[in-house]
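Side-chain atoms are counted along with the backbone in the values below, which use heavy atoms only and exclude waters and symmetry mates. In what follows, chains carry the letters A, B, and so on, assigned in the order in which the sequence lines appear, proteins first and then strands, with residues in each chain numbered from 1.
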There are 2 protein chains.
Amino acid sequence: MNQSDELERRAGVALWLQIKEQLQSQILSGTIRPGTRLPPEPDLADQFGVNRHTVRRAIRALSDDGLVRAEQGRGTFVQEHGIDYLIGARTRFSENITRAHRDPRAELLASRDAPPDEVVAIGLGMAKSDLCLVMETRHFADGAPLSIATNYFPRSRFPDLEHHFLEHHSITAALRAVGIADYLRHVSRITARMPDEREAGHLRQAI
Amino acid sequence: MNQSDELERRAGVALWLQIKEQLQSQILSGTIRPGTRLPPEPDLADQFGVNRHTVRRAIRALSDDGLVRAEQGRGTFVQEHGIDYLIGARTRFSENITRAHRDPRAELLASRDAPPDEVVAIGLGMAKSDLCLVMETRHFADGAPLSIATNYFPRSRFPDLEHHFLEHHSITAALRAVGIADYLRHVSRITARMPDEREAGHLRQAI
DNA sequence: GTCCGCTAATAGTCTAGACGTATTTGGCGT
DNA sequence: ACGCCAAATACGTCTAGACTATTAGCGGAC
């Protein structure tokens with residue numbers, strides 16, 4: 001299928017840019033679906049009738065724009081936007097992100113000790129006089145902020161959970177580090193509302 | 001000056017990354033000053049003992065990070081950044097500029113003796129009949145004008161502050177010369193407005 | 001004195017090829 | 001059936017060289 005994708009040589013527009021734009025329009029129009037693999041670089045080079053390096057230059061530009069994601073040894077994939085976030089008893093943020101072939105990471109926005117409010121106290125089976133470790137966390141996929149969360153833990157049971165979290169950048173990994181290999185959701189309650197100003201800032205979102 | 005900048009080959013770290021990091025640390029430490037031109041790509045390639053393409057890969061990474069700016073036909077320049085001007089009780093113009101690895105200097109635009117207006121009189125605890133030394137100064141970073149200021153001092157306490165200022169090109173140094181080793185800000189009030197014609201001229205600014 | 005054009009310097013693009021590294025696949029042996 | 005190992009596949013890095021595009025500076029023609 002050589003030369004089906006015509007490029008103009010010495011037209012004042014770099015070949016790699018023309019290639020990038022052709023691929024980009026195919027991606028944006030959905031001709032190449034999110035999650036699918038692009039043809040290997042040597043094939044593309046053959047298709048466009050250029051050197052592999054020229055194709056690589058185009059792919060790097062697409063990658064910089066976040067349209068594709070190149071994985072060494074596997075291929076180059078059209079980036080999915082929007083992640084199907086499956087919620088079950090064993091839901092883990094990292095697993096959901098990893099399933100979408102993206103890189104999960106979390107950071108600690110703030111942590112403090114505070115008495116639990118009624119909902120938390122009942123949920124965790126704590127006395128209201130016991131202290132809670134409250135961690136506010138922000139979660140990223142491929143460096144883009146995706147969610148913020150407020151996590152409550154009985155302080156007496158987790159004396160250094162924050163340190164483990166800071167080290168592993170994951171709640172699941174931090175819990176594993178303190179001996180909790182697995183845990184289940186007891187209830188999941190979902191509501192929706194607009195972010196307030198502080199939350200929007202954390203999510204780099206316009207209000 | 002070949003090989004003065006040692007790279008580790010096949011150390012698991014790409015050569016271009018090592019080059020990027022060396023250049024980056026020189027830029028961030030101020031060894032290569034903002035606004036100056038980097039050596040041409042062929043020279044850098046020779047210096048690092050690599051191919052020009054490898055240097056280009058490093059420069060592109062720096063460019064992506066906004067640390068340099070490559071201009072075809074002219075060269076690659078270290079990007080000038082605005083200066084973070086920290087204001088605290090012990091703020092000094094020179095320190096703020098020095099922290100940004102730039103060269104502070106101040107000059108005297110005008111000086112005169114005048115009675116203080118009400119705000120100044122109260123601020124300095126002077127009688128309205130006492131005289132103030134009023135110094136209008138202009139401050140530079142690396143030769144570029146950055147700010148103009150009007151400074152008020154009780155004349156009785158500083159009989160020749162102007163001369164010391166002219167000698168040291170710094171308010172802090174002039175005060176030190178008359179025995180004031182340290183001083184604190186009592187209040188800082190910040191407002192913003194457009195410059196008038198005279199001010200714009202001093203700052204070499206278009207209105 | 002001004003303008004034009006030539007030349008040198010410098011970054012940008014493209015090709016060609018070799019080798020490195022990560023991942024997947026499939027066959028072979030136990 | 002399972003696991004291990006080798007080959008195939010795919011992206012990543014590095015080198016070498018040629019050509020292009022843009023800019024700055026200089027010198028000559030007018």
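- Between the CG atom of A/L44 and the C1' atom of C/dT15 there is a distance of 17 Å, rounded to whole Å.
- For the pair B/L15 CG and C/dC19 P, the interatomic distance rounds to 17 Å; values are reported in whole Å.
- Taking the nucleotide of DNA chain C with the nearest heavy atom to each of A/H53 and A/R57, the more 5' of the two is matched to A/R57.
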Please list, pair by pair, any protein nitrogen or oxygen found under 3.5 Å from a nitrogen or oxygen in nucleotides 9-11 of chain D.
from	atom 1	to	atom 2	distance (Å)
D/dA10	OP1	A/R37	NH2	3.2
D/dC11	OP1	A/T76	N	3.4
D/dC11	OP1	A/T76	OG1	3.4
D/dC11	OP2	A/E41	N	2.8

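- Residues satisfying the side-chain contact (heavy atoms from CB on, under 4.5 Å) criterion with A/S25, sequence neighbours excluded, are absent altogether.
- Between the A/D117 side chain and the A/V120 main chain, a donor and an acceptor come within less than 3.5 Å of each other.
- Shown here are the salt bridge (charged side-chain N to carboxylate O under 4.0 Å, His left out) partners of B/E136, two or more places apart in sequence or in another chain: B/R112, B/R198.
- The stretch residues 169-181 of chain B participates, sequence neighbours left out, in these side-chain hydrogen bond (donor to acceptor under 3.5 Å, both in side chains) pairs: B/R105-B/H169, B/T172-B/Y183.
- The distance from atom CG of A/L17 to atom C1' of C/dT13 is 11 Å, rounded to the nearest whole Å.
- Between A/T54 and C/dT13, a side-chain N or O to OP1/OP2 separation shorter than 4.0 Å is absent.
- Between A/R9 and C/dT15 there is a side-chain polar atom (N or O) within less than 4.0 angstrom of OP1 or OP2.
- Atom C1' of nucleotide C/dT13 and atom CD1 of A/I19 are separated by 12 Å, given to the nearest angstrom.
- Residue A/R60 contributes atom CZ, which lies 10 Å from atom P of D/dT13 at whole-angstrom precision.
- Note: CH2 (B/W16) to P (D/dT15) measures 14 Å, nearest angstrom.
- Residues that satisfy the side-chain contact (heavy atoms from CB on, under 4.5 Å) test with B/E21, not counting sequence neighbours, are B/L17.
- Here the P atom of nucleotide C/dC14 and the CG atom of A/N51 are 10 Å apart, to the nearest Å.
- By the side-chain contact (heavy atoms from CB on, under 4.5 Å) test, A/I122 is found to be paired with A/E118, residues two or more places apart in sequence or in another chain being considered.
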